[in-house]
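Working notes, structure below.
Since the model is a prediction, treat every value here as computed from it, not as a measurement. Counting starts at 1 for both ligands and their atoms, following the listed order.
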Amino acid sequence: MARRRIIAGNWKMNKTPSEAVALVNELKDLVKNDEVDVVYCVPAIDIVPVVEAVKGTNVQVGAENMYFQESGAYTGEISAAMLKDAGVKYVILGHSERRDYFKEDDVLLNKKVKKAFEAGITPILCCGESLEQRELGVTMDWIRLQIKSDLDGITAEQVKELVIAYEPIWAIGTGKTATAEQAQEVCKGIRDCIAEMYDEATAEAVRIQYGGSMNAGNAKELLAKPDIDGGLIGGASLKAEFGDVVNA
Ligand code: PGA
């Protein structure tokens, strides 16, 4: 069965609530497409107004992070139940910026992945290598370690719903995209890893995105690759160009 494509915007720390609603309205007609899943992953404070603003459109809303505890004394954190209640369908987990600046490790991410599934929110689980790791030739070893650790204890049925985003760190926000061949090679490696951990049916079902300076100019070539099922878009998700990526 063909995998449904998923194009997600990662707004990062951009857009105030009023700017967020304005952007949703600006993009509304440009991202219309019934053949792909379109998701806006937005800052926590924008979630409620954006959920309201996308009502009646084909766009679904995602969060950029969450905490794994149910509730309690975790000042500054947001729970899966809060996101779910607000209308969130997806949550980005393990973005390299969270791993780097906020020191999130795979043990923590595994707890977050479990909690997201428990709450009925689909994780968009990010993985990817640094430039040093690529040059050392350990890209796939590193990514397999991330995937195996982050998915420890996750069932095949859950993985079939999961979205994995392959984001080479050296390509994020740098204007330097992985070539379609490089991206395909790693996305295929991730699918092979899932097949080893689970089975072929699970590997065939899991959706794998590419992310890292994806834009209107390179999306078509990347999305034509057999193991690339979508994109996680940063910079280009904040402008009209995002519509061209959705329709690529
Ligand atoms: P970019 O970001 O498209 O701006 O490179 C992608 C991401 O970090 O998800």
Specify the closest pair of heavy atoms between [X] and [Y], including all atoms of both residues, with the distance to one decimal.
{"X": "Glu129", "Y": "Arg134", "value": "OE2-NE, 2.8 Å"}
{"X": "Leu93", "Y": "Ala116", "value": "CD1-CB, 4.4 Å"}
{"X": "Glu104", "Y": "Arg98", "value": "OE2-NE, 2.8 Å"}

**Asked** Is it true that atom NZ of Lys28 has more than 12 heavy atoms of other residues, nucleotides or ligands lying nearer than 6.0 Å?
**Response**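 Buried by this count: over 12 neighbours within 6.0 Å.
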**Whether Lys115 side chain and Gln69 backbone form a donor-acceptor pair below 3.5 Å** =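 Side chain of Lys115 to backbone of Gln69, a donor-acceptor pair under 3.5 Å: no, none is there.
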**Item:** Salt bridge Lys225-Glu181, side-chain N to carboxylate O under 4.0 Å
**Value:**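 Salt bridge flag = yes for Glu181 with Lys225.
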Any protein N/O atoms within less than 3.5 Å of an N/O atom in ligand 1? List the atom names and distances, or say none.
unit_1   : atom_1 : unit_2 : atom_2 : d
ligand 1 : 2 (O)  : Lys12  : NZ     : 3.3
ligand 1 : 3 (O)  : Ser213 : N      : 3.4
ligand 1 : 3 (O)  : Gly234 : N      : 2.9
ligand 1 : 4 (O)  : Gly235 : N      : 2.9
ligand 1 : 5 (O)  : Gly173 : N      : 2.7
ligand 1 : 5 (O)  : Ser213 : N      : 2.7
ligand 1 : 8 (O)  : Lys12  : NZ     : 2.7
ligand 1 : 8 (O)  : His95  : NE2    : 2.7
ligand 1 : 9 (O)  : Asn10  : ND2    : 3.4
ligand 1 : 9 (O)  : His95  : NE2    : 3.4
ligand 1 : 9 (O)  : Glu167 : OE1    : 3.2
ligand 1 : 9 (O)  : Glu167 : OE2    : 2.7

